[in-house]
Amino acid sequence: ERLRLFHTVCEAVQHAHRHLVIHRDLKPSNILVTPASEVKLLDFGIAKQLDSLDLPADQTQTGLRLLTPAYAAPEQIRGARVGIYTDVYALGVILYQLLTGRLPFEPGGRSAEEVARIITEEAPPRPSAASHATPAPASAWADLDVLCLTAMHADPARRYSSVEALIRDIDHYLASEPLEARPDGWTYRCGKFLRRHWQISAVVSAAVLLVVAISAVFALRLATARDAALAEAWLALADGKLDDAIPALDRRD
């Protein structure tokens, strides 16, 4: 029932996007649900008109001041360019709250700066791991985790490309069909870790290369000494000098 209601919210946002308008401040208080379960989006005060759905837009200082941090996408907090992917992120936060009864990043008593740091640098916990999550089979939560976390991905390029793509996966879930979205693989997670901790990674990489280089030099010297000993032994045997060949073979070992 919550997913079907959220589906209607997504359709309302998609309607705005078709008219080249991004809301930029989607949150429960800006969504009105009538007794007939009709959804109306409110407060387009910091909405942004786009020239094209394929092109992001610069933010205004007014938009930065008025946005709600708990529902703001990382690019909004950084003051970077926004696009339809910004509304997709906010929809992911709303879905997370609908399913779990809590926000992915609880502001609590934190300062605005601390909340901004958490949103831009930390990954949200899986909805299935949320402390107030409603009971559901593990198999059901697996896809819900992918739905929410794909919509809320910190990298806009890895979110749903549009609200329409998010709607399709909601339909897939409700029909018990495989989702189009896929969780991040280990290669992406490793790459993200290396980029975040590039200084430590550089030191460790240098140390590993040094060990490999020393090992290669040592192995090369051993191989050279072994080959020289074998050559000496064969020459001694060829000359019939068995007593000289045995020490050479010992050095080979």
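Just so you know, these numbers use all the heavy atoms, side chains as well, and skip hydrogens, waters and symmetry mates. All values derive from a computational prediction rather than experimental measurement. In this chain, residues are counted from 1 in sequence order.
Considering CZ of F44 and CD1 of I22, their distance stands at 11.0 Å, rounded to 0.5 Å. Here the straight-line distance linking atom OG1 of T100 with atom CZ of R126 works out to 13.0 Å at 0.5 Å rounding. Atom-to-atom distance recorded for C148:SG and D143:CG is 11.0 Å, nearest 0.5 angstrom. Distance check, rounded to the nearest 0.5 Å: CD of E177 to CZ of R168 gives 12.5 Å. With rounding to the nearest 0.5 Å, the separation of OG in S215 from CG in L220 is 12.5 Å. Once rounded to the nearest 0.5 Å, the distance linking CZ of F6 with CG of L3 reads 8.0 Å.
No donor-acceptor pair under 3.5 Å is formed between the side chain of R158 and the backbone N or O of H153. Looking only at distances, a side-chain donor or acceptor of D169 sits under 3.5 Å from a matching main-chain atom of E180. Looking only at distances, no side-chain donor or acceptor of H19 sits under 3.5 Å from a matching main-chain atom of V21.
Each side-chain hydrogen bond (donor to acceptor under 3.5 Å, both in side chains) pair with one or both residues in residues 86-95, not counting sequence neighbours, appears once here: H17-D87, E75-T86.
Taking P28 as the reference, Y71, I94, Q97 meet the side chain to side chain contact (heavy atoms under 4.5 Å, CB included) condition, with sequence neighbours excluded.
Closest approach of I119 and A72 over heavy atoms only: CG2-O, 3.8 Å. The two atoms that bring V33 and S37 nearest to each other are CG1-CA, 3.9 Å, heavy atoms only. Heavy atoms only, all atoms of each residue included: P69 and I77 are closest at O-CD1, 4.4 Å. Residue T150 comes nearest to A181 through the heavy atom pair OG1-CB, 3.6 Å, listed as atom of the first residue, atom of the second, then distance. Considering every non-hydrogen atom in both S162 and V88, the closest pair reads C-CG2, 4.0 Å. Of all heavy-atom pairs spanning R102 and P125, the tightest one is NH2-CG, 4.3 Å.
Side-chain atoms of L149 and P127, non-hydrogen and from C-beta on, do get closer than 4.5 Å to each other. Two residues are said to be in side-chain contact when any heavy atoms from C-beta on lie closer than 4.5 Å; V13 and I84 fail this criterion. A 4.5 Å side-chain heavy-atom check between N30 and L41 finds every atom pair outside the cut-off. Within the 4.5 Å cutoff, the side chain of L99 has heavy atoms near those of the W141 side chain. Two residues are said to be in side-chain contact when any heavy atoms from C-beta on lie closer than 4.5 Å; L144 and L147 meet this criterion. Between V93 and F105 there is no side-chain heavy-atom pair separated by less than 4.5 Å. Looking at D171 and H7, their side chains come closer than 4.5 Å, going by heavy atoms from C-beta outward.
Cluster membership for V9 and L32, using ILVMFWY side-chain heavy atoms within less than 4.5 angstrom, is not shared. L42 and L98 fall into different hydrophobic clusters, where Ile, Leu, Val, Met, Phe, Trp and Tyr side chains are chained together by heavy-atom contacts under 4.5 Å.
Between R117 and E114 there is a salt bridge, with a side-chain nitrogen of the basic residue lying less than 4.0 Å from a carboxylate oxygen of the acidic one.
In this structure, a donor-acceptor pair under 3.5 Å is absent between the side chains of H23 and D43.
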